[in-house]
Amino acid sequence: MKAFASVLATFLAATALQAGSFGGPPPFTNGSPLPTGVDGAYQANVRAENTNGVIRFAYVNGSQSSSTTANTYVIFSEGLVFSGPVAANINLSTIAGVLERDTERAFVNTAMTGQFTAKIDPKSPVYYFKGNGTLDAFIQDNASLPSIVFQSLFSKDFKIEGLRNSQTSS
């Protein structure tokens, strides 16, 4: 009987210590699984041939945060680095976003714009999403100086995979 009681006590103690168990707050999950709703910080990886990047955006009180640092992308493609703001819209089970040209940096002779759509896994506790997008890179046409005109440099299709990685956003 003592052996049975000690095994039962050990089992209950181990169960109570597991993250997300009924025995108390999860010690290593930082509040995950995340609560319902869309609020939080999102991050996604962008992948295509000769292209890698990261897209970040944040939602606060059900709409995209106005913080410029929380809504950015950085993409390395064909030996060039592009960055700029992201506008994203979450609608039930889909995310649609636009990668905008960075107009706040000092003059640069290359620019990029793009768009993506992704489906959200409804069973995922971290709001996992996966989809596709396109990007278009441009280069300044020096023949048009002093006016600034951009010509198409290349276009690419890419894959995007991401998740909501925190409950709060910046």
Side-chain angles (χ1 to χ4, degrees), residues 19-20 25-140 148-150 152-170:
F28 303 111
T29 60
N30 192 25
S32 290
L34 298 169
T36 58
V38 297
D39 286 0
Y42 294 76
Q43 184 166 316
N45 294 322
V46 172
R47 290 192 186 356
E49 185 177 339
N50 294 325
T51 302
N52 284 304
V54 175
I55 295 173
R56 299 177 342 150
F57 56 94
Y59 259 65
V60 177
N61 297 324
S63 61
Q64 188 171 5
S65 164
S66 60
S67 168
T68 55
T69 58
N71 300 299
T72 61
Y73 70 87
V74 176
I75 295 177
F76 181 71
S77 184
E78 302 296 337
L80 300 169
V81 176
F82 301 96
S83 63
V86 174
N89 182 44
I90 300 173
N91 185 7
L92 297 175
S93 64
T94 60
I95 297 177
V98 176
L99 310 177
E100 300 175 11
R101 186 171 66 91
D102 189 356
T103 58
E104 294 183 14
R105 285 185 10 194
F107 176 75
V108 293
N109 64 352
T110 58
M112 190 189 84
T113 61
Q115 61 81 28
F116 66 90
T117 57
K119 293 225 181 248
I120 299 166
D121 179 356
K123 296 178 183 176
S124 171
V126 292
Y127 234 70
Y128 172 79
F129 57 93
K130 185 176 182 179
N132 299 303
T134 59
L135 59 87
D136 296 300
F138 302 93
I139 189 164
Q140 179 188 340
I148 299 173
V149 175
F150 285 94
S152 180
L153 186 59
F154 62 84
S155 292
K156 284 192 178 219
D157 294 331
F158 63 84
K159 302 283 184 195
I160 183 171
E161 275 188 82
L163 54 88
R164 178 172 63 175
N165 58 15
S166 73
Q167 290 173 298
T168 58
S169 57
S170 41

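The residues of the chain are indexed from 1 along the displayed sequence.
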Next item on the list: With sequence neighbours left out, write down each residue that passes salt bridge (charged side-chain N to carboxylate O under 4.0 Å, His left out) with E78, or none if nothing qualifies.
Entry: K156
Item checked: By side chain to side chain donor-acceptor pair (under 3.5 Å) - contacts of S124 (at least two apart) -> none
Note to self: Would you compute the distance between atom CG of N50 and atom CG of L80 and round it to the nearest 0.5 angstrom?
What the structure shows: 11.0 Å
Next item on the list: State, to 0.1 Å, how close A137 and F82 come at their nearest heavy-atom pair, and which atoms those are.
Entry: CB-CZ, 3.8 Å
Check: Does the D102 side chain pair with the main chain of A111, one donor and one acceptor, at a distance under 3.5 Å?
Finding: no
Note to self: For S93, give me all partners under side chain to side chain contact (heavy atoms under 4.5 Å, CB included), at least two apart in sequence or on another chain.
What the structure shows: none
Notebook entry, point to check: Sub-3.5 Å donor-acceptor pair from the side chain of R101 to the main-chain atoms of G84, do we have one?
Noted result: no
Item checked: Nearest heavy-atom neighbours spanning S77 and T51 -> OG-OG1, 2.8 Å
Checklist line | All pairs passing salt bridge (charged side-chain N to carboxylate O under 4.0 Å, His left out) where residues 43-55 contributes a residue, at least two apart | finding: none
Item checked: Value rounded to 0.5 Å, distance of CZ in F57 from CG in N89 -> 9.5 Å
Notebook entry, point to check: Roughly how far, to the nearest 0.5 Å, is CG of L99 from OG1 of T72?
Noted result: 10.5 Å
Next item on the list: Can you sort out the partners of E100 under side chain to side chain donor-acceptor pair (under 3.5 Å), two or more places apart, ordered by chain and number?
Entry: none
Checklist line | Check: G62 main-chain N/O paired with D39 side-chain donor or acceptor under 3.5 Å | finding: yes
Notebook entry, point to check: Say you draw a straight line from CZ of F158 to CG of N45; how long is it, rounded to the nearest 0.5 Å?
Noted result: 11.5 Å
Next item on the list: Would you please name every residue forming a side chain to side chain donor-acceptor pair (under 3.5 Å) with K159, sequence neighbours left out?
Entry: N132
Next item on the list: Go through the structure and list residues passing side chain to side chain donor-acceptor pair (under 3.5 Å) with Q115, not counting sequence neighbours.
Entry: T134
Item checked: Nearest-0.5 Å distance, CD1 of residue I55 to CD1 of residue I75 -> 5.0 Å
Note to self: Donor-acceptor check, side chain of D136 to backbone of S152, threshold 3.5 angstrom: yes or no?
What the structure shows: no
Checklist line | Pairing residues for K130 by the side chain to side chain contact (heavy atoms under 4.5 Å, CB included) criterion, not counting sequence neighbours | finding: Y128, E161
Item checked: Backbone N/O of I90 and side chain of Y59: donor-acceptor pair under 3.5 Å -> yes
Next item on the list: Give the minimum heavy-atom separation between V98 and F116, together with the two atoms involved.
Entry: N-CE2, 4.3 Å
Note to self: Run the ring-ring contact (aromatic ring centres under 6.0 Å, His included) test against F129 and tell me which residues pass, sequence neighbours left out.
What the structure shows: none
Item checked: R56 (side chain) donor-acceptor with V86 (main chain) under 3.5 angstrom -> no
Notebook entry, point to check: If you take all heavy atoms of S65 and N71, which pair is closest and at what distance?
Noted result: O-ND2, 2.9 Å
Next item on the list: Drop me the distance from L153's CG to F138's CZ, to the nearest 0.5 angstrom.
Entry: 9.5 Å
